[in-house]
Amino acid sequence: MMLLLLKVFDILFFDWVLLCHSNFFPHYYPEVKDIYGPEIFGYNQKSHLIQTVLILLGSLLAAWICTLM
């Protein structure tokens, strides 16, 4: 559950706020001003989905191993 909450925080804060709706990266790296914007939100959906599935499968495996003990 904690890893899934961390994933949600990553998507909402880092991707949505920092990359798309703040001036954080263009302030420190002016050359990316034309690259970062709201239109790139969700560019890494596939990697987020794969990580979420792996977290769920890993948790399921760990729970099954704990029941065997």
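Predicted model only: the values in this text are computed from it and were never measured.
Taking CE of Met1 as the start and CG of Leu56 as the end, the distance is 10.0 Å to the nearest 0.5 Å. Here the straight-line distance linking atom CG of Leu4 with atom CG of Asp10 works out to 12.0 Å at 0.5 Å rounding.
With hydrophobic clusters built from ILVMFWY side chains whose heavy atoms lie under 4.5 angstrom apart, Leu60 does not share a cluster with Leu68.
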